[in-house]
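What follows is a short report on a single structure.
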Amino acid sequence: MRYFKRLTAAVLVFCMIFVFAGCRYSDTLEQLVYRAVDEGFIDMTPPFEVAENDEENEDTNDVLPDVTVDEDSERQSEVEEAGIVSDTDNPDSESGYAAEYDSSGDDSVAASDSGTTTDASESAETASVTAGTEETDSGVDNETGDGGEDAVAGAVETDKQVTDDYGEDVVLSESGSIAAAGPIAVMLSVLGAGDTLMATDAKTASLAASNQVFSDMSGAAAVWSGDGSAGLDSDGLAQLIALQPEIVIETSGSTCLSDSDVAALKENGISYLVVPTLNSISNIETIMTTLGTVLGDRSAEGGGNAPEIAASYVSWVDNVVSVVGDATADTVMYTLYVKGWDDNCTYTLSNDSYTTLSGTGCAYIENKACLSTKIISSALSCANITNTANSYGVTKEVLYVTPLICSYSTMTVNGTVASKVNSSGQKYLEGSYSGTDIYGDTNTVGYALGTDNFPYLIAADAHTRDGILASKAEEYGLWTVYPHINNADGSFNSDGFLDPYGNLVQTQISGEYEVLVNPAGYQNWADGTCESILETVWAAWRISGVIEEDVMRGYISDFYSTFYGYNLSSAEIDAILAGN
């Protein structure tokens, strides 16, 4: 029982730190969190980030080890790896603890066998998110947990509290009506609480109204335009406040709400909760668990037992990661996720004397610092596949990308979608790794697009695929497969072609390749949703070839029936796999 109390306290303080606008600093909350971490039983590399995501982080799990998540020793090891250190000797430290951590969402800890995952009954005992335990903005006294009539920021009605393992009284919030945009809204439906959704974005509202899978969300008002990423306009904010949801939930790093929006919510007695960024499979698991904790068991009211469903989801995901990780353990595969194709840009390969080639249309990618690159890289890494877009960049950039490299000419791309073109040093389509040959010797192994372990590009949509294929078909196109040739004096050879003056124009393409359209279900797997784990299964089939097609389709069907309560037809699975 003491273990359950400690686990409950851990998850509770884990969630507390993200309640209220801007995730403000709290001496008390910091002390509780890092005292808990120092004890070694919180199983996490802290996955939340309050403001900007750490641009240096990336998901690069080439090998997915088995992790027993219930072992205290393993948890302590993960804490130590996260760089959390005791700082009791530091007179400037009020809490007695300091921390430096990676918030990118390391999926190596998500690769545990499903048999070691916390079961549903244990997860159901996890305490709810606090509505406020400080005297700062909420008006809740930290000593007693009694907020009285002044508990404005913690406006969610509270009727219970728990005492954690440190003797602190923590007020629990009862979830009522909720406002959330995008993937979070769908997660609420998965957890059996879609009927609590009072406001969302126009895209989600439209989907909910037209699709029986999300029919329980059809009553939500569209206060955000589009997918919500553009934020609230003044009318949308006024509508949201007028609706008076009890809590508004968004992901860390989201642009759905501005600081002034959050301040307005607080002024009007609406609680605000930040959950982790949708940049890794493990973070998505954490979000589901957190939302389950917020919602609680609503089965007696005709809703769902959210903690139990969340635990089931985590177990399902962990099983996929374990099974696929084992199946792909001996494979080394690469791909490049291409975000889009700009029809209107122009490109020129030239120097001061002449133009080697020019044309219209160019592919673009997002580098490793962008959230969408992180999540698809995370999903692919669970199948031991490296997304080479995750190789470069510490600031968020959209880049035009071309396979051609020339020492004698400069590639110039003029367009409005991307900020620049990849440099000659950013070789997204070629590289090397340390591998073992057939004789058991360790050697440096090279890879490039068109080789055995880099046979595919992944296009975000059919339009992007068609643009690349059209360029590939050109005699002198950016994506053409050129022969292996020597330059004019025979001193160097590579894949590419000779310009009119005998200079070699190199390409990073070494052979024939295919362009795949990324699958998309009711949500886009590449954008960070509860469906993103299906990218792992699809990649293990389509790219690595270690899972049979019928097995892959079975996973998709099982996911939809288990978590969406919807039985897919064979034609609907075909449409998902086609990206439709």
>> When you compare the side chain of Trp538 with that of Asn518, does any pair of heavy atoms fall below 4.5 Å?
In response: yes
>> For the CG atom of Leu399 and the OG atom of Ser423, what is their distance to the nearest 0.5 Å?
In response: 8.5 Å
> Backbone N or O of Asp527 within a donor-acceptor pair of the Ser372 side chain at under 3.5 Å?
Replying inline: no
>> Less than 3.5 Å apart, any donor N or O on the side chain of Asp461 or Thr464 sitting next to an acceptor on the other?
In response: yes
>> For Asn567 versus Ser561, what's the shortest heavy-atom pair and its separation?
In response: OD1-CB, 3.6 Å
> Where do Val517 and Ala578 come nearest, in terms of heavy atoms and distance?
Replying inline: CG1-O, 3.7 Å
> Given Asn283 and Thr286, is the side chain to side chain donor-acceptor pair (under 3.5 Å) satisfied, shown in steps?
Replying inline: CA-CA 5 Å; Asn283 271 9; Thr286 299; 4.8 Å; no
> Is there a side-chain contact between Leu429 and Trp479 (heavy atoms, below 4.5 Å)?
Replying inline: yes
> What is the minimum heavy-atom distance between Glu250 and Cys256, and which atoms define it?
Replying inline: OE1-CB, 3.7 Å
>> If you compare all heavy atoms of Gly192 against all heavy atoms of Arg298, which two are closest, and at what distance to 0.1 Å?
In response: O-NH1, 3.0 Å
> Can you tell which of Leu478, Val421, Thr402, Leu404 makes a side chain to side chain contact (heavy atoms under 4.5 Å, CB included) with Tyr347?
Replying inline: Leu478
>> Between Glu572 and Tyr566, do the side chains contain a donor N or O and an acceptor N or O under 3.5 Å apart?
In response: yes
> If every non-hydrogen atom of Val401 is compared with every non-hydrogen atom of Asn422, which pair is closest and at what distance?
Replying inline: CA-OD1, 3.2 Å
> Can you tell me if Glu531 and Trp525 form a side-chain donor-acceptor pair at under 3.5 Å?
Replying inline: yes
